[in-house]
K.L.:
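Before we start, here is the structure in question, set down as structure tokens.
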Amino acid sequence: MAKATSTSLLQSLKSFFKKPWEITGPCAHPEYKSALPAAQEYRIYCPATTKEQPSVPTSLPETVYDIKYFTRDQRRNRPPIRRTILKKPDVEKLVKEKTFSVADFPPVYLNSTVEEDLDAIGGGYQH
């Protein structure tokens, strides 16, 4: 019983002494309600917990759509990269072989001179 009396006395002292910002200003109004929730009110349920257990329909495994990404990833279906290591005799052999000529390359894009009108005022731009 002594504990109940001490808690009620403590509550009455808490109501008597106010925080400095509760004496004047908007917090002193009797209808003022703090916008900050209490610790027990803030997040009652964890976001990861479900209120109801989901019902997963069962079906034939062949007809269920597979949502796993790695089974549909086309980059994983590529053949392995083949690397060749060239040794000095291989390089010398490639240098001696003439596998292409100059005619195999495309012609040069600009093969004529550009003629400009040097008499144009401002280089042809209007001011």
Side-chain angles (χ1 to χ4, degrees):
M1 187 74 184
K3 187 169 183 152
T5 310
S6 65
T7 55
S8 64
L9 180 64
L10 188 62
Q11 293 293 333
S12 62
L13 284 175
K14 280 186 179 178
S15 64
F16 181 72
F17 292 108
K18 291 187 175 181
K19 298 170 191 150
W21 55 86
E22 292 178 347
I23 295 172
T24 60
C27 298
H29 197 274
E31 294 181 358
Y32 175 78
K33 184 178 177 186
S34 178
L36 296 174
Q40 286 97 12
E41 298 172 355
Y42 176 64
R43 185 178 280 176
I44 299 170
Y45 299 105
C46 178
T49 58
T50 57
K51 296 177 184 172
E52 298 176 5
Q53 289 294 328
S55 62
V56 179
T58 58
S59 181
L60 297 173
E62 298 85 28
T63 59
V64 176
Y65 179 70
D66 189 11
I67 62 168
K68 289 191 264 331
Y69 173 70
F70 66 88
T71 58
R72 295 176 283 128
D73 188 9
Q74 294 303 315
R75 290 179 293 169
R76 296 172 194 260
N77 296 337
R78 290 188 307 191
I81 298 171
R82 293 175 32 185
R83 293 181 174 91
T84 57
I85 299 172
L86 294 175
K87 298 194 166 109
K88 188 172 181 180
D90 298 331
V91 175
E92 290 173 351
K93 181 181 171 189
L94 288 171
V95 169
K96 289 178 184 175
E97 293 177 354
K98 294 254 180 175
T99 56
F100 55 88
S101 65
V102 178
D104 293 338
F105 291 105
V108 179
Y109 178 71
L110 185 61
N111 51 13
S112 62
T113 58
V114 178
E115 196 172 312
E116 295 184 8
D117 187 10
L118 299 175
D119 297 332
I121 299 170
Y125 295 104
Q126 295 180 355
H127 295 287

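Values below: every heavy atom of this structure, side chains too, minus hydrogens, waters and symmetry copies.
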K.L.:
Side-chain heavy atoms nearer than 4.5 Å, only ILVMFWY residues, links allowed to pass through others: does that put Val95 and Leu86 together?
P.N.:
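Cluster IDs for Val95 and Leu86 match.
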K.L.:
More than 12 heavy atoms of other residues, nucleotides or ligands under 6.0 Å from CD of Glu97: is that the case?
P.N.:
yes
K.L.:
What is the distance from atom CG of Asp90 to atom OG1 of Thr84, rounded to the nearest 0.5 Å?
P.N.:
9.0 Å
